[in-house]
Amino acid sequence: ARPPAHKKPKIPACAADASKLLVFQYGKVGSAFVKDSLVRAGTGDAFVRDVEHYDEFFGKNAKAACAKLPCVVNTHNALVARRVLACSRDVVVWSIARDLAARAPSEFWENRNSILNSLPKPANPDADSFSRLVEAYKAQQRRVAATGDTKTPFHANVEGVPARCAFFGQLAELVGSDLDALVFDAAARRAVVRRGNATTHDVLVVRFEDIADWENIVRDVVPAFKPAPAPVHAKGGDAQYARFKSAVASSTASDVYHDAACDTTRFYPTRRRRGKV
C-alpha cells in the first residue's frame with residue numbers, strides 16, 4: 001500500500017527555462033555527493049529536493065505539483081520518478097551503478113540499527129551486537145546465493161523499490177526503452193542515451209567507482225555539477241565499519257551479483273563472474 005501522505009515541502013519552483021534533473025538511484029551509490037555538489041554549485045534558481053514518497057510532493061494534484069517542480073529531484077522510488085518524468089520531456093535522468101557485491105555490506109551497515117531491532121533475542125544474553133550483525137549479514141548473503149533474490153529484507157515490501165539486480169531494467173522502462181539501449185562506453189566510463197534516440201528523456205548512467213572523475217565524465221550532460229568537498233566521517237564509525245567489512249569479506253554472494261542476470265553487470269564489462277570474463 002502507498003505510504004501515508006506527508007506534509008508537502010515549501011520550496012521554490014525551478015525557473016521555466018532552467019535545466020531539470022532527476023537523480024534516480026538505489027542508494028549507497030554516491031547520490032548524497034551528487035546532491036551536495038549541485039546545491040553547492042547552484043544559483044538562486046537551483047533547488048534540490050529528496051522525494052521518497054509520492055504523496056510527499058505530488059499529493060492529489062499532480063499537475064499543480066509539476067508546475068512547482070524543483071530543479072533537481074533525488075529519489076529511490078520508481079513511482080516518484082515516473083511522475084517527475086511525466087511532468088516534462090526536458091527532465092534529464094542521472095543514475096548511478098555500483099558493484100553490488102561491494103555495495104552490499106555498506107547498505108547493511110547503514111541499516112544496522114533497524115536490523116538489530118528486527119532480530120530474535122539471542123539465546124545468549126551476553127551476545128554482543130557486532131557479532132549478531134556479522135552473523136545476520138552472513139545469513140542474508142547465504143539467502144541471496146541460494147535464491148538469487150538481491151532485494152534486502154528491509155526493502156522487501158517498499159512500494160516502488162525494485163530488486164537491485166533489476167534496477168536498470170526498471171530505469172529503461174521508465175524512459176520508454178529497453179535495457180539494451182543503455183550501452184556502456186568503457187572509454188568515456190558512462191552510458192548516455194539522448195532523448196528521441198530510443199528513450200523519452202536524456203539518460204546518463206555513471207559508476208560509483210569513477211566518482212573522483214565525475215566532473216569530467218558528466219560535464220556535457222550535467223554542466224552544473226561541481227564536486228563538493230568529501231564528507232567528514234567520525235573516525236569511530238569508520239573504524240567499526242572497516243572492522244565489519246573485514247569480518248564479512250568472504251561472505252558476499254559475488255557470483256549472484258556478478259551473474260549476467262544481474263543487469264548492473266553491463267556497466268562492468270571486464271568484471272570476472274562465474275569463471276567468465
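Worth saying up front: this structure is predicted, and the values here are computed from it rather than measured. Counting begins at 1 with the first residue of the sequence.
- Donor-acceptor pairing under 3.5 Å is lacking for the side chains of Tyr26 and Glu107.
- Of the possible polar contacts, one joining the Thr200 side chain to the Val175 backbone as a donor-acceptor pair under 3.5 Å is found.
- With values rounded to the nearest 0.5 angstrom, Trp109 atom CH2 is found 6.0 Å from Leu133 atom CG.
- Taken to the nearest 0.5 Å, the CD1 atom of Ile115 stands 12.5 Å off from the OG atom of Ser129.
- No side-chain heavy atom of Ile217 sits under 4.5 Å from any side-chain heavy atom of Phe225.
- Taken together through direct or relayed side-chain contacts under 4.5 Å among Ile, Leu, Val, Met, Phe, Trp and Tyr, Val183 and Phe167 form parts of separate hydrophobic clusters.
- Between Asp238 and Tyr241 the shortest side-chain heavy-atom distance does not fall below 4.5 Å.
- Considering all non-hydrogen atoms of both residues, Leu174 and Ala81 come closest at CD1-CB, 3.9 Å.
- Taking all atoms of both residues into account, the shortest heavy-atom contact from Pro120 to Arg132 is O-NH2, 3.0 Å.
- Using a 4.5 Å cut-off on side-chain heavy atoms (C-beta onward), Phe208 and Phe33 make no contact.
- Listed by first and then second residue, the salt bridge (Lys or Arg N to Asp or Glu O under 4.0 Å) pairs that reach into residues 70-92 are Arg82-Glu173, Asp90-Arg195, sequence neighbours excluded.
- Val92 pairs with exactly one of Val221, Val23, Val72 by the side chain to side chain contact (heavy atoms under 4.5 Å, CB included) rule, that one being Val221.
- Within the structure, salt bridge (Lys or Arg N to Asp or Glu O under 4.0 Å) pairs that include any residue of residues 216-225 comprise Arg190-Asp220, Arg194-Asp220 (at least two apart or interchain).
- Here the closest non-hydrogen pair linking Val80 and Thr75 is CB-OG1, 3.7 Å.
- For the atom pair CZ of Phe130 and CZ of Arg112, the computed distance is 10.5 Å after rounding to the nearest 0.5 Å.
- The two residues Gln141 and Ala104 make their nearest non-hydrogen contact at NE2-CB, 4.2 Å.
- Between Ala247 and Lys138, the closest heavy-atom pair is O-CE, 3.8 Å.
- For the pair Val206/Trp94, a side-chain contact is recorded, criterion being any heavy-atom separation below 4.5 Å from C-beta on.
- Looking only at distances, a side-chain donor or acceptor of Arg266 sits under 3.5 Å from a matching main-chain atom of Leu182.
- Using a 4.5 Å heavy-atom cutoff, the side chains of Arg49 and Asn74 are not in contact.
- Between Phe244 and Phe108, the two ring planes are parallel [angle under 30°; tilted spans 30° to 60°].
- Here the straight-line distance linking atom CZ of Arg98 with atom CZ of Arg103 works out to 7.5 Å at 0.5 Å rounding.
- Atom CG of Asn61 and atom NZ of Lys63 lie 8.5 Å apart (nearest 0.5 Å).
- When the side chain to side chain donor-acceptor pair (under 3.5 Å) test is applied to Ser131, the partners found at least two apart in sequence or on another chain are Asp128.
- Relative orientation of the Phe267 and Phe184 rings is perpendicular, given thresholds of 30° and 60° on the angle between their planes.
- One N or O on the side chain of Tyr268 and one on the backbone of Asp99 form a donor-acceptor pair closer than 3.5 Å.
- Ala198 and Ala181 make their closest contact through CB-CB, 4.2 Å (heavy atoms, listed as atom of the first residue, atom of the second, distance).
- With values rounded to the nearest 0.5 angstrom, Lys35 atom NZ is found 13.5 Å from Leu21 atom CG.
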